[in-house]
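In listed order, ligands and their atoms are each counted from 1.
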Amino acid sequence: MFQRARLVLTASYAAALLLTIAGVGFASYILIRNDLNGEIDRSLRSATRELEALDVLETGTPGAAPTPTPDRAGRDDDDDEHDDEHDDDEHDSVRLAVLASDVFYLVIDADGTVVSNPRGVNLDGIDLASLVDAPGEEEIQQVTGENAEYRMAVKQLDDGSFLAVGRSLRLVEHQLETLRLVFVTGGIIGLGVSLASGFWLAGRTLGPIRRALETQRQFISDASHELRTPLAVAKANNALLLDEPEATVESKLDQAEAVAAELDHLTVLVGDLTTLARADEGRANLLIEPVDLGELTEEVVRDMGALADLLEVRLTCEAGPAPVDGDRARLRQLLMILVDNSLKYANAGGNVHVRCGTDGGRVELSVTDDGAGISAADQRRIFERFYRADSERTRSKGGTGLGLAIGKWIVEAHGGRIAVESQVGKGTTFRVRLPGG
Ligand code: ADP
């Protein structure tokens with residue numbers, strides 16, 4: 001399920017990036033192309049104006065023979081023809097001199113015949129007739145020849161012929177092709193990078209969700225397992241009681257006590273499960289108020305005295321004022337869990353010492369016993385839900401395996417830390433540090 005979600009997320013990242021690149025690329029391409037064409041069109045219009053100005057000054061109309069001057073009158077026709085050709089060449093070179101090197105001009109008859117093509121542009125494939133077919137005021141047309149595409153400004157002159165000023169789009173096409181190549185290459189590289197980074201990102205995003213779900217699943221399966229055992233024991237004992245309905249409670253005390261013990265255990269277990277479920281949902285609101293943890297410690301130790309006596313453990317306390325801002329009931333629960341564990345896991349005739357005080361603005365609480373201790377491997381796991389270091393032994397002591405998980409949550413919800421120090425065979429100390437109030 002997560003692998004599929006990861007792939008779907010990766011594909012979504014990549015599709016979003018690809019769409020962005022394609023959109024930006026396409027828009028940029030169109031803008032740049034229009035810009036380049038606009039620039040060409042402006043240059044063609046200004047070239048047209050310059051040519052017109054020149055020809056008006058020098059010949060009246062472009063391509064037309066210069067007006068004969070008086071001293072030229074009377075020469076023979078051959079001379080005139082020769083002079084005309086010479087003058088045409090001269091005018092062409094004057095006109096070309098005002099044009100940028102990549103701009104050319106043509107003079108075309110109304111029927112599409114080229115009268116003048118001074119740059120010698122290859123006009124193969126260009127439909128000249130349609131080019132001069134009713135052009136508007138300085139109309140710009142894009143025409144396709146055999147060798148290249150051109151943009152041309154076509155204007156009708158006073159003598160009915162047409163002046164077409166043009167520029168090849170070969171350079172622009174080359175620039176646009178480079179741009180297309182950049183966008184396509186960028187798109188492919190971007191797609192590759194987005195697929196790789198999207199896959200990695202999706203993995204990172206889904207990782208904590210998967211772990212949370214697995215923890216939740218494990219929690220539910222452990223909880224149902226923990227509930228099943230006392231229920232089975234209670235059910236079996238209850239069946240024994242029902243086997244002999246006429247028997248007195250006194251004669252069936254063992255079974256009756258077993259049912260009661262399992263019900264007690266279930267009550268504690270359900271209470272612990274509810275606490276953790278609320279904590280997970282963030283619904284276990286703390287009622288924060290000023291609390292003297294030292295005073296609370298003395299109170300809990302006093303209350304647990306009877307249990308310590310029962311277990312033949314010497315329970316001592318050393319507590320001074322230790323103000324914290326916290327939830328009184330939850331802090332009491334934390335103390336009960338730690339002291340109860342130490343009493344449970346201390347040996348008969350052993351000692352449990354509880355200390356509470358301040359240390360440079362922080363409040364420190366420690367619960368030390370000289371019991372069996374906890375191995376290094378178990379120390380890393382005892383704060384996990386349902387983890388028991390020695391499950392048979394600890395279950396027999398009535399533990400649910402949730403006490404330290406709840407204790408850890410209470411400490412962290414108060415902005416503190418809890419740690420364990422233990423040596424097998426020597427004993428254990430649980431140390432809690434909380435921010436001072
Ligand atoms: P439990 O209800 O089983 O006591 P806890 O979460 O309180 O569950 O503790 C988890 C496990 O940590 C216990 O099962 C026990 O093995 C170990 N443990 C806790 N406190 C002590 C201690 N003071 N000495 C030795 N082992 C301990």
Side-chain angles (χ1 to χ4, degrees), residues 215 218-219 222-230 233 261-277 279-280 284 297 300-301 304 307-308 310-317 330-356 365-413 416-432:
T215 310
Q218 186 64 41
F219 181 55
D222 288 346
S224 55
H225 176 77
E226 289 296 326
L227 289 167
R228 226 178 292 133
T229 313
V233 175
E262 294 307 328
L263 289 178
D264 281 350
H265 183 73
L266 277 173
T267 309
V268 175
L269 185 58
V270 170
D272 285 356
L273 286 173
T274 311
T275 304
L276 283 172
D280 285 349
T297 304
V300 169
V301 169
M304 306 281 283
L307 179 65
L310 199 73
L311 296 168
E312 295 171 28
V313 177
R314 206 166 77 91
L315 176 61
T316 53
C317 173
R330 292 295 182 200
L331 290 172
R332 189 182 163 81
Q333 189 179 8
L334 167 70
L335 277 158
M336 298 279 282
I337 290 167
L338 296 179
V339 177
D340 182 58
N341 271 355
S342 294
L343 292 177
K344 263 194 309 198
Y345 302 115
N347 302 315
N351 297 284
V352 170
H353 185 62
V354 187
R355 198 191 302 260
C356 183
L365 165 76
S366 66
V367 181
T368 306
D369 65 65
D370 53 4
I374 307 167
S375 72
D378 287 331
Q379 283 176 39
R380 282 192 285 276
R381 303 199 55 193
I382 51 171
F383 294 100
E384 290 174 18
R385 295 167 183 195
F386 295 112
Y387 187 79
R388 295 184 179 99
D390 175 353
S391 67
E392 279 319 304
R393 187 170 64 89
T394 52
R395 197 191 297 270
S396 70
K397 290 182 186 282
T400 61
L402 293 175
L404 287 179
I406 293 176
K408 186 169 188 270
W409 164 69
I410 294 174
V411 172
E412 288 176 353
R417 290 188 166 266
I418 184 167
V420 60
E421 295 154 21
S422 185
Q423 265 186 295
V424 176
K426 288 206 169 154
T428 305
T429 295
F430 281 94
R431 215 176 282 285
V432 172

**Fill in**
All heavy atoms of Ile374 vs all of Asp378, minimum pair found to be CG2-CB, 3.5 Å

**Prompt:** Which distance, rounded to the nearest 0.5 Å, do you find between the CZ of Arg332 and the OG1 of Thr297?
**Reply:** 10.5 Å

**Message:** Please check this pair: side chain of Thr429 against backbone of Thr368, looking for a donor-acceptor N/O pair closer than 3.5 Å.
**Reply:** no

**Request:** Could you list the atoms of ligand 1 found under 4.0 angstrom from a heavy atom of Ala389?
**Result:** 14 (O), 16 (O)

**Asked** Under 30°, 30 to 60°, or over 60°: which ring-plane class applies to Phe430 and Phe383, parallel, tilted or perpendicular?
**Response** perpendicular

**Message:** Check Arg385 with Asp280, please: is the shortest side-chain N to carboxylate O separation under 4.0 Å?
**Reply:** yes

**Item:** Pair Glu226 + Arg388: basic N to acidic O under 4.0 Å
**Value:** yes

**Under 4.0 Å to a heavy atom of Thr400 - the qualifying atoms of ligand 1, by number** = 2 (O)

**Request:** Identify, by atom number and element, the atoms of ligand 1 in contact range of Arg388, meaning under 4.0 Å from any of its heavy atoms.
**Result:** 3 (O), 14 (O)

**Prompt:** Taking atom CD1 of Ile382 and atom CG of Leu404, what is their separation to the nearest 0.5 Å?
**Reply:** 5.0 Å

**Request:** Number the atoms of ligand 1 from 1 as they appear, then name those within less than 4.0 Å of a heavy atom of Thr428, with their elements.
**Result:** 24 (N)

**Asked** Hey, which atoms in ligand 1 end up nearer than 4.0 Å to a heavy atom of Gly401?
**Response** 1 (P), 2 (O), 3 (O), 6 (O), 8 (O)

**Prompt:** If you measure every N/O of Phe430 against every N/O of ligand 1, is any gap under 3.5 Å?
**Reply:** no

**Request:** Under 4.0 Å from a heavy atom of Ile374: give me the atoms of ligand 1 that qualify, with their elements.
**Result:** 18 (N), 21 (C), 25 (C), 26 (N), 27 (C)

**Prompt:** Could you state the interatomic distance from CG (Leu334) to CD1 (Ile406), rounded to the nearest 0.5 Å?
**Reply:** 11.0 Å

**Message:** Test of understanding: given a 4.0 Å heavy-atom threshold, classify the contact between Asp369 and ligand 1 as side chain, backbone, both, or neither.
**Reply:** side chain

**Short N or O distance, Ala405 and ligand 1, threshold 3.5 Å exclusive** = no

**Request:** Would you mind running through ligand 1 and noting each atom that sits below 4.0 Å from a heavy atom of Leu404?
**Result:** 5 (P), 6 (O), 7 (O), 9 (O), 10 (C), 12 (O), 19 (C)

**Item:** Interfacing atoms of ligand 1 (cut-off 4.0 Å, heavy-atom, Ile382)
**Value:** 10 (C), 11 (C), 12 (O), 17 (C)

